[in-house]
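Being a predicted model, the structure only gives us computed values, none of them experimental.
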Amino acid sequence: MTDEPLHVIVVGGGIAGVACANRLAGEPQVRATLVDRNEYHQFQPLLYQVASAELAAEDVRFDLVEMFEPYDNVTVRIAEVVSVDPAAPSVTFADGETLYGDVVVVGAGAQPNFFHTPGAPDHSFPLYSVDDAVRVRARVLQLYAEAAERPELADEGALTFVVIGGGPTGVETAGALAELVHEVMPHHYPELDGARAQVILVDLAPGVLGAFSAKAHDYAADQLRHRRVHLKLGVSAREVAPDRVTLSDGTVLPTRLVIWGGGEKAAQVAGRAGVDQGHGGRIDVRPDLSVEGYPHLYAVGDVANVPNGDAVLPQLGSVAAQSGDWAARNVMASIEHARPEPFVYRDKGIMAMIGRRAAIAEIGEHRHELHGRMAFAAWLGVHAELLANAGAELRAFTAWAEEFYLRPHHRSRALLDKSTVDTPRIRRTHRSR
């Protein structure tokens with residue numbers, strides 16, 4: 001051991017990066033620098049609820065500086081990391097400055113994967129950041145306002161909303177958007193024929209929620225149809241244009257809003273980390289989350305292929321949080337010259353919210369399946385734990401959850417009445433160690 005604290009650079013202020021910095025916070029043997037291009041941590045699992053006006057933007061983002069203000073050994077740096085030198089180790093920022101450390105932990109998250117679909121990067125709306133969610137919500141309001149002025153626009157797709165992707169992001173977004181379109185917006189635009197508004201979900205797979213059981217596929221599809229979501233399954237988006245989507249079977253869907261939930265890949269910095277990229281452009285890591293040949297470089301969360309036997313773990317919030325925490329523990333172990341431990345994931349299961357009072361969860365190693373209220377309780381518990389890691393005020397979160405489940409659409413109407421186009425202020429956080 002030396003008297004000088006170990007300098008750990010944590011790249012990314014998402015769930016994985018914050019979990020890593022949380023574990024290092026208050027440790028006198030460590031000096032941590034948490035780097036993110038945004039001033040805030042954004043809680044991605046709830047972005048679709050911001051997009052559909054069920055939550056305000058301020059409910060899902062938390063000021064990084066305030067989050068770590070109680071800890072003298074953690075510095076938050078607002079900058080964009082464009083490359084990583086695993087041998088130095090160091091990171092280089094967009095302005096050309098290089099920051100050197102003793103250990104680098106890459107937790108930079110993911111970005112949309114458009115799978116080379118023509119027009120998709122330019123004309124679709126991804127849902128990977130708070131800004132993305134606010135743009136989707138603003139676009140919905142804009143289209144309704146335009147259709148109210150010119151009702152004929154509905155025939156040109158102004159009130160047709162297409163969601164690409166049948167995984168949890170797509171299903172949750174489609175369900176929430178359908179409730180907004182069919183249950184909330186008619187109160188704001190009674191002059192419009194609500195029957196002309198529609199939500200269409202497109203996916204190449206034969207069913208939605210492919211990672212779940214066949215029973216879950218049927219349950220989710222039934223719940224979506226109950227919310228008047230039109231399912232276009234077994235086809236993919238061949239091209240996205242400003243006013244339409246062309247599907248692989250030749251079908252043309254007139255639309256002015258395409259929400260892309262069709263897949264993700266590692267953040268761009270993964271390709272500039274000086275190491276080979278694996279599946280999804282992610283960084284392959286060893287069982288202890290370090291990178292082969294570079295014991296002072298770790299990758300965690302959605303930017304990493306975290307091994308799980310012969311497979312890799314999915315890109316879930318709980319995987320991100322646990323891997324970020326585990327990498328920090330192994331960093332601390334290295335200070336004591338202890339052997340780093342292989343990552344052991346505590347499986348929280350997989351779950352999705354299909355709409356108010358409709359959720360599905362498969363819990364535990366044997367995937368015990370829950371529907372409805374019990375699934376919502378499981379969903380709430382996992383998200384509460386992840387939010388607590390971000391320093392969220394859980395009392396406010398649980399109050400929202402009760403309102404969400406028991407008072408349908410009350411909050412959505414209130415948020416829309418306040419005008420949700422403007423971006424709210426960053427929410428202040430209060431946290432305890």
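- Taking the six-membered ring for Trp, Phe125 and Trp260 have ring centres at least 6.0 Å apart.
- For the pair Arg282/Gln277, no side-chain contact is recorded, criterion being any heavy-atom separation below 4.5 Å from C-beta on.
- Here the closest heavy-atom approach between residue Ala358 and residue Arg227 is recorded as CB-NH2, 3.3 Å.
- Here the closest non-hydrogen pair linking Ala304 and Val300 is CB-N, 3.8 Å.
- Between the side chains of Asp249 and Thr251, at least one donor N or O lies within less than 3.5 Å of an accepting N or O.
- No donor-acceptor contact under 3.5 angstrom links the side chains of Tyr298 and Ser323, judged on distance only.
- Looking at Leu192 and Arg196, their side chains never come closer than 4.5 Å, going by heavy atoms from C-beta outward.
- Phe212 and His217 make their closest contact through O-NE2, 2.8 Å (heavy atoms, listed as atom of the first residue, atom of the second, distance).
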### Task
Check step by step if side-chain contact (heavy atoms from CB on, under 4.5 Å) holds for Tyr144 and Val181.
CA-CA 10 Å; Tyr144 266 91; Val181 164; 3.4 Å; yes

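- Taking the charged nitrogens against the carboxylate oxygens, Lys232 and Asp203 have no contact shorter than 4.0 Å, which rules out a salt bridge.
- With hydrogens and angles left out, the side-chain atoms of Thr160 and Thr255 include no donor and acceptor closer than 3.5 Å.
- Heavy atoms only, all atoms of each residue included: Ala57 and Val134 are closest at CB-CG2, 3.9 Å.
- In this structure, Asp36 contributes its side chain and His41 its backbone to no donor-acceptor pair below 3.5 Å.
- Using modelled atom types, no side-chain atom of Arg77 and backbone atom of Thr33 make a donor-acceptor pair closer than 3.5 Å.
- In the model, His383 has no side-chain atom that pairs as donor or acceptor with a side-chain atom of Glu385 under 3.5 Å.
- Aromatic pair Phe62/Tyr40: centroids not less than 6.0 angstrom apart.
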### Query
Between Asp218 and Lys215, does a salt bridge (charged side-chain N to carboxylate O under 4.0 Å, His left out) hold up when you go through it step by step?
CA-CA 5 Å; Asp218 294 339; Lys215 181 180 177 183; over 6 Å; no

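- No donor-acceptor pair closer than 3.5 Å links the side chain of Gln198 to the backbone N or O of His230.
- No donor-acceptor distance shorter than 3.5 angstrom exists from the side chain of Thr98 to the backbone of Thr92, with no hydrogens or angles considered.
- Checking each of Glu179, Glu172, Glu183 against Arg356 for a salt bridge (Lys or Arg N to Asp or Glu O under 4.0 Å) leaves exactly one that passes, namely Glu179.
- The shortest non-hydrogen separation linking Leu47 to Ala133 is O-CB, 3.5 Å.
- With a 6.0 Å radius and a threshold of 12 heavy atoms from other residues, nucleotides or ligands, Asp276 has its CG atom at or below the threshold.
- Among the candidates Ile200, Val258, Ile259, Leu257, the single residue satisfying the side chain to side chain contact (heavy atoms under 4.5 Å, CB included) test with Phe161 is Leu257.
- Glu362 and Ser213 share a side-chain donor-acceptor pair at under 3.5 Å.
- Other residues, nucleotides and ligands place more than 12 heavy atoms under 6.0 Å from the CD atom of Glu97.
- A donor-acceptor distance shorter than 3.5 angstrom exists from the side chain of Ser129 to the backbone of Asp132, with no hydrogens or angles considered.
- Residues Ala359 and Phe376 share a closest heavy-atom pair of CB-N, 3.8 Å.
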